[in-house]
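Working notes, beginning with the structure itself.
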Amino acid sequence: MRVLVVEDEPKLAGLLARGLGEEGHPTDVVASGAEALWMARANPYDAIVLDVMLPGQNGFEVCRELRAADVWTPVLFLTARDSVDDRVAGLDVGGDDYLVKPFSFPELLARLRALTRRGAVERPAVLQVGSLRLDPASHRVWRDDAEIELSTKEFTLLEVFMRSPGKVLSRVDLLERGWDMAYETRSNVVDVYVRYLREKIDRPFGCDSLETVRGVGYRLRVSPSC
Ligand code: CA
């Protein structure tokens with residue numbers, strides 16, 4: 001596998017490049033986000049090892065820009081801090097895994113192997129279906145540029161629909177993915193929330209994207225107009 005290492009500490013960068021090279025993996029090293037963005041767009045890497053604490057743009061910002069530029073190479077973050085916030089932030093910007101410093105080289109290799117088995121899968125951080133956009137990280141929803149206020153439950157249900165656009169989802173499907181066990185037998189709760197959602201994401205915009213499929217369930221239509 002060909003690897004890009006983005007690390008501003010020369011000693012660690014050197015160790016990684018040498019270690020990966022000895023394992024037969026061609027490795028390029030850069031020390032800044034700007035260089036990383038340039039290199040990652042110009043070369044077909046199989047994985048990027050990305051330090052979070054970089055001068056200028058930090059690793060999260062670099063990853064976000066890569067994904068925005070349609071670069072889906074798996075990213076393994078290196079973080080000095082083992083805070084939950086860092087891990088969450090890393091995954092939310094489209095990273096794939098993280099390793100806390102100090103780490104062992106065999107573990108880095110194992111993580112990279114796991115990531116490259118998966119390959120570069122397109123997985124946008126923000127979901128989009130037609131003119132609807134949903135950001136799971138910030139819990140925000142828009143139709144075109146208009147932001148829509150949703151309750152937690154409405155948001156959860158819309159996210160389920162937006163992860164399966166164009167697919168018919170039964171009430172049971174929706175209950176299982178959006179509600180806990182206590183609601184298992186109350187399938188009418190789905191109808192109620194679909195109605196709430198329509199009032200917010202469709203009606204004000206003259207859309208009817210949440211379609212009822214008689215006797216089966218609901219579908220989030222993919223239409224060019226909405
Ligand atoms: Ca650093």
Side-chain angles (χ1 to χ4, degrees), residues 1-128 133-142 159 163:
M1 61 181 146
R2 185 169 174 194
V3 183
L4 177 64
V5 171
V6 189
E7 170 61 73
D8 61 311
E9 289 165 51
K11 206 174 142 200
L12 180 56
L15 278 172
L16 289 175
R18 203 163 54 247
L20 287 164
E22 281 167 6
E23 293 288 322
H25 307 303
T27 302
D28 297 312
V29 178
V30 295
S32 75
E35 291 169 287
L37 287 166
W38 192 88
M39 291 288 275
R41 285 192 193 116
N43 302 293
Y45 293 105
D46 299 297
I48 299 172
V49 177
L50 182 51
D51 186 29
V52 172
M53 298 295 282
L54 292 168
Q57 266 177 313
N58 70 30
F60 298 143
E61 288 160 350
V62 172
C63 185
R64 196 191 294 274
E65 268 196 51
L66 283 173
R67 298 321 188 210
D70 251 352
V71 175
W72 300 102
T73 310
V75 166
L76 173 67
F77 282 113
L78 298 182
T79 168
R81 305 162 290 179
D82 184 18
S83 83
V84 173
D85 280 356
D86 263 19
R87 280 178 269 164
V88 171
L91 300 176
D92 276 344
V93 295
D96 299 273
D97 200 359
Y98 67 94
L99 209 47
V100 178
K101 294 178 184 176
F103 52 84
S104 77
F105 189 70
E107 183 173 9
L108 175 97
L109 271 182
R111 300 284 184 102
L112 285 179
R113 275 195 300 268
L115 286 184
T116 52
R117 270 198 296 273
R118 272 186 249 159
V121 184
E122 199 171 319
R123 43 196 145 35
V126 175
L127 306 173
Q128 176 144 22
R133 279 179 301 133
L134 179 146
D135 183 353
S138 65
H139 263 252
R140 297 172 73 190
V141 174
W142 302 263
E159 186 175 348
R163 290 194 184 278

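Whatever order the structure lists them in is the order used to number ligands and atoms, beginning at 1.
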request  = With rounding to the nearest 0.5 Å, note down the distance linking CG in Asn43 to CH2 in Trp38.
outcome  =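 Asn43 atom CG to Trp38 atom CH2 measures 7.0 Å (nearest 0.5 Å).
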
request  = Would you confirm whether Asn58, through its side chain, and Leu54, through its main-chain N or O, come within 3.5 Å as a donor-acceptor pair?
outcome  =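 Between the backbone of Leu54 and the side chain of Asn58 there is no qualifying donor-acceptor contact (under 3.5 Å).
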
inquiry  = Restricting to N, O or S, what is the name of the atom of Asp51 that lies nearest the Ca ion (ligand 1)?
reply    =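 Relative to the Ca ion (ligand 1), the closest nitrogen, oxygen or sulfur of Asp51 carries the name OD2.
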
ask   = By atom name, which N, O or S atom of Asp8 is the nearest to the Ca ion (ligand 1)?
value =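 For Asp8, the N/O/S atom sitting closest to the Ca ion (ligand 1) is OD1.
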
query = In terms of side-chain geometry, is the basic nitrogen of Arg2 or Asp46 positioned less than 4.0 Å from the acidic oxygen of its partner?
reply =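 Salt bridge flag = no for Asp46 with Arg2.
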
task = Would you mind checking if Glu7 and Lys101 are paired as a salt bridge, meaning a charged N to carboxylate O distance below 4.0 Å?
result =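 Yes, charged N to carboxylate O under 4.0 Å.
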
inquiry  = Counting backbone and side-chain atoms alike, is an N, O or S atom of Glu9 positioned under 3.0 Å from the Ca ion (ligand 1)?
reply    =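 No, Glu9 does not qualify, because none of its backbone or side-chain N, O or S atoms lies under 3.0 Å.
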
